[in-house]
Protein chains: 2
Amino acid sequence: MNILRKNTDYALRMMCNLAGNYRQRAVSVRMLARQEDVSYQFACKILQKLQVADLVESVMGPAGGYRLCREPEKITMLDVIQAMQGNITVNRCTDKYDNCPRQPNCPVSIVLRRLQRNVDEFFVKVTLKDLLNNK
Amino acid sequence: MNILRKNTDYALRMMCNLAGNYRQRAVSVRMLARQEDVSYQFACKILQKLQVADLVESVMGPAGGYRLCREPEKITMLDVIQAMQGNITVNRCTDKYDNCPRQPNCPVSIVLRRLQRNVDEFFVKVTLKDLLNNK
DNA sequence: CATATATAGGACTATTATTATCCTATATGA
DNA sequence: TCATATAGGATAATAATAGTCCTATATATG
């Protein structure tokens, strides 16, 4: 299966779209939905989640829509992912708050914690600006 | 959510157990289940899957059980993961056979394919022997 | 050769997560 | 005041995951 949910996939694409329009205008959900191939209703839900997470802000009324809350270089993939699907953990035992009795000497957990660090680092290092620049 | 399913987590632990007993004896499912905290019935299912994937072989009858098909250094985490939950893909678009029309220039996909390579490489490099040695 | 101890594996249930839609309320610019 | 937007609760539909039940089959050993 996929590590990223469809939700998150849609959200990342819509956030890229908003990043491309940053400081120009609010983009309506209808427009975002059409351009990024997401159903209108579902796009509404996703944007509401992104708003709760303080990544986008809404403009109501005609000519309304959504825009980023801050500069594209200050929003990371991790921000978007966490807003949509929470923390990504490699395994139960790589979650900070796990209390598996085999810790901390379980061989499986020792190795997986290493991958966990790689993944965390990856997502926190990539910003929306990087995405736009194909970095 | 977790990248590795509970199934896979159980499987990895049981495989470590079998690796520790390699060339000594077949370990019964009852024993594996008790030592690794998995229900007996569920452990049976998991081992059957591992057998279909040619990672373990069964010995029927009294004093029977399971043993690894080959040396612990010749079985990777990827082998176990694929047997239990198939390929792990970062996103739809990092799957080899994906045909998303945005390919190959989608900014999201370009970045995620990089992570995909990291993850693949990680799992293929760690063997059961490494796990036992806490490498 | 009977029996106790194992695995084999199909069928099924339960639970949870994901994806999505429907509907009504509210805000606001022209 | 009306057309064009978002807000958000409720709920449906689907799919994945986790786990159990039951009966069949293999085999070492007394």
Side-chain angles (χ1 to χ4, degrees), chain A residues 1-14 18 21 25-34 36-69 81 83-89 91-92, chain B residues 1-14 18 21 25-34 36-69 81 83-89 91-92:
Chain A
M1 265 303 295
N2 300 328
I3 296 175
L4 300 185
R5 308 278 162 248
K6 265 186 161 183
N7 262 345
T8 310
D9 182 47
Y10 293 154
L12 285 169
R13 297 210 310 253
M14 292 197 286
L18 293 181
N21 288 290
R25 58 193 159 102
V27 184
S28 74
V29 178
R30 214 166 290 281
M31 176 77 85
L32 281 170
R34 187 167 45 231
E36 307 303 336
D37 295 311
V38 187
S39 94
Y40 168 71
Q41 295 283 358
F42 203 34
C44 283
K45 289 299 178 207
I46 290 168
L47 286 156
Q48 280 166 32
K49 270 199 165 181
L50 293 170
Q51 183 176 42
V52 167
D54 263 324
L55 300 177
V56 301
E57 59 193 13
S58 70
V59 179
M60 289 195 81
Y66 284 88
R67 63 162 65 103
L68 296 187
C69 272
I81 291 170
M84 296 310 302
Q85 63 179 81
N87 278 313
I88 289 178
T89 48
N91 196 20
R92 295 188 283 174
Chain B
M1 265 302 296
N2 299 327
I3 296 175
L4 300 184
R5 308 277 161 249
K6 268 188 159 181
N7 262 344
T8 310
D9 181 47
Y10 294 154
L12 285 170
R13 297 211 309 254
M14 291 196 287
L18 293 181
N21 289 289
R25 59 194 159 103
V27 184
S28 74
V29 178
R30 215 166 288 279
M31 177 77 86
L32 281 171
R34 187 166 47 232
E36 307 303 336
D37 294 312
V38 187
S39 94
Y40 169 70
Q41 294 283 359
F42 204 32
C44 284
K45 289 297 176 206
I46 290 168
L47 286 156
Q48 279 166 32
K49 269 198 166 181
L50 294 170
Q51 184 177 41
V52 167
D54 263 323
L55 300 177
V56 301
E57 60 193 12
S58 70
V59 180
M60 290 195 82
Y66 284 88
R67 62 162 65 103
L68 296 188
C69 272
I81 291 170
M84 296 310 301
Q85 63 179 79
N87 278 314
I88 290 177
T89 48
N91 196 20
R92 296 186 282 174

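Because the structure is predicted, anything quoted here is derived from the model rather than measured. The chains referred to below are lettered A, B, ... by the order of the sequence lines, with proteins before strands, and numbering in each begins at 1. Values below: all heavy atoms of this structure, side chains included; hydrogens, waters and symmetry mates excluded.
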Who are the side chain to side chain contact (heavy atoms under 4.5 Å, CB included) partners of B:S28, not counting sequence neighbours?
B:R30, B:M31
Look only at the side chain of B:Q85 and the backbone of B:I3, and say whether a donor-acceptor pair between them is shorter than 3.5 Å.
yes
Pick out the pairs of N or O atoms, protein on one side and nucleotides 15-19 of chain C on the other, that lie under 3.5 Å.
| from | atom 1 | to | atom 2 | distance (Å) |
| --- | --- | --- | --- | --- |
| C:dT18 | OP1 | A:R5 | NE | 2.5 |
| C:dT18 | OP1 | A:R5 | NH2 | 3.3 |
| C:dT19 | OP1 | A:K6 | N | 3.1 |

State whether B:Y40 places a side-chain N or O below 4.0 Å from either non-bridging phosphate oxygen (OP1 or OP2) of D:dG19.
no
Are any protein N/O atoms closer than 3.5 Å to N/O atoms in nucleotides 25-30 of chain D? If there are, list each pair with its distance.
none

Among all residues two or more places apart in sequence or in another chain, which pass the side-chain hydrogen bond (donor to acceptor under 3.5 Å, both in side chains) test with A:Q48?
none
By side chain to side chain contact (heavy atoms under 4.5 Å, CB included), A:K49 pairs with (sequence neighbours left out) A:M84
Not counting sequence neighbours, which residues clear side chain to side chain contact (heavy atoms under 4.5 Å, CB included) with B:A63? List them please.
none
Give the table of side-chain donor-acceptor pairs shorter than 3.5 Å for residues 38-45 of chain B, with sequence neighbours excluded, one pair per line with atom names and distance.
| from | atom 1 | to | atom 2 | distance (Å) |
| --- | --- | --- | --- | --- |
| B:S39 | OG | B:F42 | N | 3.2 |

side-chain hydrogen bond (donor to acceptor under 3.5 Å, both in side chains) against B:R34, all qualifying residues, sequence neighbours excluded
none
Tell me whether the side-chain N/O atoms of A:S39 come closer than 4.0 Å to OP1 or OP2 in C:dT21.
yes
Note: contacts of residues 45-56 of chain B with DNA chain C (heavy atom, under 4.0 Å) are B:K45, B:Q48, B:Q51
Under the rule for side-chain hydrogen bond (donor to acceptor under 3.5 Å, both in side chains), what residues qualify as partners of B:R13, not counting sequence neighbours?
B:D9
Who pairs with A:Q51 by side chain to side chain contact (heavy atoms under 4.5 Å, CB included), at least two apart in sequence or on another chain?
A:V56, A:S58, A:Y66
What pairs meet the salt bridge (Lys or Arg N to Asp or Glu O under 4.0 Å) rule with one or both residues in residues 50-67 of chain A, with sequence neighbours excluded?
A:E57-A:R67
